[in-house]
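Inspection log for the structure reproduced underneath, given as structure tokens.
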Amino acid sequence: MTEKRQGSETRRPSIFWILAAIALPIINLSVRYRIEDGDKFPRTGAFVMAPNHFSEIDPLVMGVLSWKLGRAPRFMAKASVFGIPVLGALLRKSGQIPVARGGAARGNEPVKAAERLVRNGQMVVVYPEGSLTRDPGLWPMRGKTGAVRIALEQGIPVVPVAHWGTQALMPRYSKKISLFPRKTVKVKIGDPLDLAEFRGRALDPTTLNEATAVVMDAITHLLEDLREEKAPAHRWNPAEHNQKETGRFEA
């Protein structure tokens with residue numbers, strides 16, 4: 001434990017100290033974490049953290065979770081938010097990665113950022129669903145391939161994570177946040193997936209989609225454990241329900 005603390009990213013001075021000073025008081029007052037298998041969360045080395053996504057407050061709650069587990073979170077974030085004064089500067093300084101709407105990269109920054117992650121032994125949070133789930137029951141929907149592409153190209157593991165409870169803080173697509181009374185957010189960390197069966201194969205759509213299905217299955221199983229119920233047999237696909245891939249929608 002001593003070695004882990006000494007090596008913790010949270011103990012090294014960085015822009016994250018400022019972000020933590022802003023976020024931690026709010027989240028600590030409004031969220032009670034119940035973490036299962038926290039020991040599976042890598043304390044060192046590069047990896048992709050892949051959580052489920054059903055509330056717009058998820059990144060804040062998952063970012064604080066990562067910090068509490070000793071890692072500085074870096075996210076794939078919409079390129080548009082980097083243009084917001086002050087916020088954009090903080091995002092750039094903290095190593096967040098801009099991705100244009102629709103998944104297209106702003107230049108080749110995501111590729112360069114992934115290379116830096118490996119070189120510096122850092123983690124990145126990628127929501128494999130790409131946006132808030134459209135599933136009516138808030139189960140994980142079909143995944144996109146960004147998380148596994150980074151993992152396979154860089155030779156790093158994907159760590160699946162499921163959480164449940166942020167919808168009590170901020171319902172899907174709501175503009176209202178309910179900080180009080182304090183909410184319980186349950187989190188379960190999965191075993192790191194090295195995706196070894198896909199390494200050495202061409203990173204074509206077939207390979208990437210198959211690897212993404214493995215990740216989505218892992219996240220869904222973790223969420224089933226947290227919710228103590230079974231997910232639908234068929235994963236929700238927005239294309240099958242005439243829903244847009246991005247943006248808000250009416251459930």
Side-chain angles (χ1 to χ4, degrees), residues 1 3-78 81 87 90-97 99 110 113-114 116-118 120-129 140 146-147 150-151 154 156-166 169-170 183-193 215 218-219 222-223 226:
M1 179 63 73
E3 290 181 1
K4 287 181 180 178
R5 287 185 175 178
Q6 288 177 344
S8 171
E9 292 178 274
T10 63
R11 288 178 168 260
R12 296 196 292 270
S14 70
I15 188 67
F16 283 99
W17 280 17
I18 297 174
L19 298 176
I22 297 170
L24 284 175
I26 299 172
I27 294 300
N28 286 338
L29 284 173
S30 57
V31 174
R32 179 187 300 104
Y33 288 92
R34 293 285 183 263
I35 304 172
E36 295 184 37
D37 298 328
D39 57 307
K40 294 180 179 180
F41 196 81
R43 267 40 174 203
T44 60
F47 70 97
V48 177
M49 174 181 171
N52 57 317
H53 197 15
F54 52 81
S55 170
E56 289 176 312
I57 205 170
D58 288 346
L60 177 58
V61 176
M62 290 296 98
V64 170
L65 170 75
S66 300
W67 187 258
K68 287 178 177 291
L69 293 175
R71 301 304 301 264
R74 292 166 178 85
F75 288 81
M76 291 285 191
K78 290 189 296 186
V81 303
L87 176 59
L90 287 172
L91 291 173
R92 285 188 290 273
K93 283 285 188 181
S94 59
Q96 310 308 313
I97 304 167
V99 177
R116 288 197 301 271
L117 293 173
V118 175
N120 298 327
Q122 298 168 336
M123 64 166 283
V124 63
V125 184
V126 181
Y127 285 101
E129 294 166 89
I150 291 174
Q154 301 300 322
I156 59 178
V158 175
V159 176
V161 176
H163 64 89
W164 187 244
T166 58
L169 275 171
M170 189 176 188
K183 313 297 191 298
T184 296
V185 173
K186 298 188 289 184
V187 181
K188 187 164 186 176
I189 313 295
D191 292 309
L193 306 171
V215 173
I219 296 170
L222 294 172
L223 187 58
L226 288 181

Partners meeting salt bridge (charged side-chain N to carboxylate O under 4.0 Å, His left out) with K40 (sequence neighbours left out):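 Checked K40 against salt bridge (charged side-chain N to carboxylate O under 4.0 Å, His left out); matches are D37, D191.
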Side chain to side chain contact (heavy atoms under 4.5 Å, CB included) between M76 and I150: does it pass, once the steps are laid out? CA-CA 11 Å; M76 291 285 191; I150 291 174; 3.0 Å; yes
Looking at side-chain heavy atoms only, is the closest gap between [X] and [Y] below 4.5 Å?
X	Y	result
S94	R74	no
V158	P192	no
P157	V48	no
I189	E36	no
V125	P51	yes
S55	L169	no

Atom [atom1] in [X], atom [atom2] in [Y]: separation rounded to 0.5 Å?
X	Y	atom1	atom2	value
L226	K186	CG	NZ	6.0 Å
L91	I15	CG	CD1	10.0 Å
Q122	I156	CD	CD1	10.5 Å
K183	Y33	NZ	OH	13.5 Å
L193	F47	CG	CZ	12.0 Å
T166	I57	OG1	CD1	8.0 Å

Do N52 and E129 pass the side chain to side chain contact (heavy atoms under 4.5 Å, CB included) test, and can you show the C-alpha distance, the side-chain angles, and the key distance before you say yes or no? CA-CA 7 Å; N52 57 317; E129 294 166 89; 3.9 Å; yes
Donor-acceptor contacts, no H, no angles, side chain residues 59-69, under 3.5 Å, sequence neighbours left out:
residue: S66; atom: OG; partner: M62; partner atom: O; Å: 3.1
residue: K68; atom: NZ; partner: N28; partner atom: OD1; Å: 2.9

Over all heavy atoms of both residues, which pair between [X] and [Y] is shortest? Give the atoms and the distance, please.
X	Y	value
D58	H53	OD2-ND1, 2.9 Å
M49	F41	SD-CE1, 3.8 Å
I219	V161	CG2-O, 3.9 Å
M123	L117	O-CD2, 3.6 Å

Take the angle between the ring planes of F75 and Y127 and call it parallel below 30°, perpendicular above 60°, tilted in between.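 Plane angle under 30°, so parallel.
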Holding to ring pair (Phe, Tyr, Trp, His ring centres under 6.0 Å), I want the full list of residues that pass it with F54, two or more places apart in sequence or in another chain.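 By the ring pair (Phe, Tyr, Trp, His ring centres under 6.0 Å) rule, F54 matches H163, W164.
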